[in-house]
Amino acid sequence: ETATTGIYTLSLHDALPIWCKKEGEDTCRPVTPGPWNPLYPVKMILQSSYLVHGTPKTSSIGRKASHGCIRMHPDNAADLAWKVMVLAGTVQPLSKQELYRDKSRKTYRMVLQETVQVNTVYERVEIIDGQLMRHTDPYKWQPLDPEKMKAILSERGLTLDNFDEGDRKKILDGNPLETVTAAIKF
């Protein structure tokens, strides 16, 4: 099952988690904490159902490559987990650097003093550093036809006139699996 968009409750997370690699129907092999661990450096548990976690395989982010988890760049996952702890008023036993980069390979379970509401959003299109990014849709949740792309641009105060002819073609090509980067001209 894959995580869906919506509001979830976050009440704990594991810094430097152990991951259990399935090796059969009822058996698994524990993978110790560290950069080789697919959950590195932190996993956050949303309502006991879904995980938000870092991954050292950053090329897998945005692809259908997990068990429905929300995967993040390791530094972004650590930053988010730290901000959640601060928001929840949880006392941190170590500094941020120590907590997520500990060489002892020890897992730290952080139970938040207060639960935190997390709103997960599935964004196919976003603007990053002046670039229009159209992300892949591995779960086929949000097809992007030309009219949908025009509506998304309009929501962001843009029209196709903001782009040159080559970029307009990329934006409207209708291929939901292609990542499109087009410079925005204001």
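This chain uses plain numbering: 1 for the first residue, then up along the sequence. Just so it is clear, the model here is predicted, and its values are computed rather than measured.
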Shortest non-hydrogen separation from Val42 to Ala78 and the atoms involved: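 Shortest heavy-atom separation between Val42 and Ala78 comes out as CG1-N, 3.9 Å.
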Distance-minimising heavy-atom pair for Pro17 and Asn37: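 Smallest heavy-atom distance, with atoms named: O-ND2, 2.9 Å.
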Going from [atom1] on [X] to [atom2] on [Y], what distance comes out if it is rounded to the nearest 0.5 angstrom?
X: Leu80; Y: Leu87; atom1: CG; atom2: CG; answer: 10.0 Å
X: Leu16; Y: Thr107; atom1: CG; atom2: OG1; answer: 6.5 Å
X: Tyr50; Y: Ile70; atom1: OH; atom2: CD1; answer: 9.0 Å
X: Thr9; Y: Ile45; atom1: OG1; atom2: CD1; answer: 13.0 Å

Measuring only between side-chain heavy atoms, which start at C-beta, is [X] closer than 4.5 Å to [Y]?
X: Leu12; Y: Arg109; answer: yes
X: Lys150; Y: Leu160; answer: yes
X: Gln117; Y: Leu10; answer: no
X: Thr58; Y: Pro74; answer: yes
X: Val52; Y: Cys69; answer: no
X: Val31; Y: Trp36; answer: yes
X: Val118; Y: Leu46; answer: yes
X: Pro33; Y: Ile18; answer: yes

Listed once per pair and sorted, the side-chain hydrogen bond (donor to acceptor under 3.5 Å, both in side chains) pairs that draw on residues 77-86, sequence neighbours left out: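 Sorted result for residues 77-86: Asp79-Lys96.
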Stepwise side-chain contact (heavy atoms from CB on, under 4.5 Å) test for His53 and Met44: CA-CA 6 Å; His53 62 81; Met44 293 166 273; over 6 Å; no
Backbone of Thr159 reached by a side-chain donor or acceptor of Asn162 within 3.5 Å: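 Pair found, side chain donor or acceptor close to backbone of Thr159.
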Donor-acceptor under 3.5 Å (Asp14 side chain, Lys43 main chain):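 Flag not set: sc Asp14 to bb Lys43 has no pair under 3.5 Å.
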Pairs where residues 49-61 contributes a residue and the test salt bridge (Lys or Arg N to Asp or Glu O under 4.0 Å) is met, not counting sequence neighbours: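 Qualifying pairs, neighbours excluded: none.
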side-chain contact (heavy atoms from CB on, under 4.5 Å) assessment of Tyr108 paired with Leu99: CA-CA 8 Å; Tyr108 297 94; Leu99 185 60; 3.7 Å; yes
Listed partners of Glu23 passing side-chain contact (heavy atoms from CB on, under 4.5 Å), at least two apart: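 Residues passing side-chain contact (heavy atoms from CB on, under 4.5 Å) with Glu23: Thr27, Arg29.
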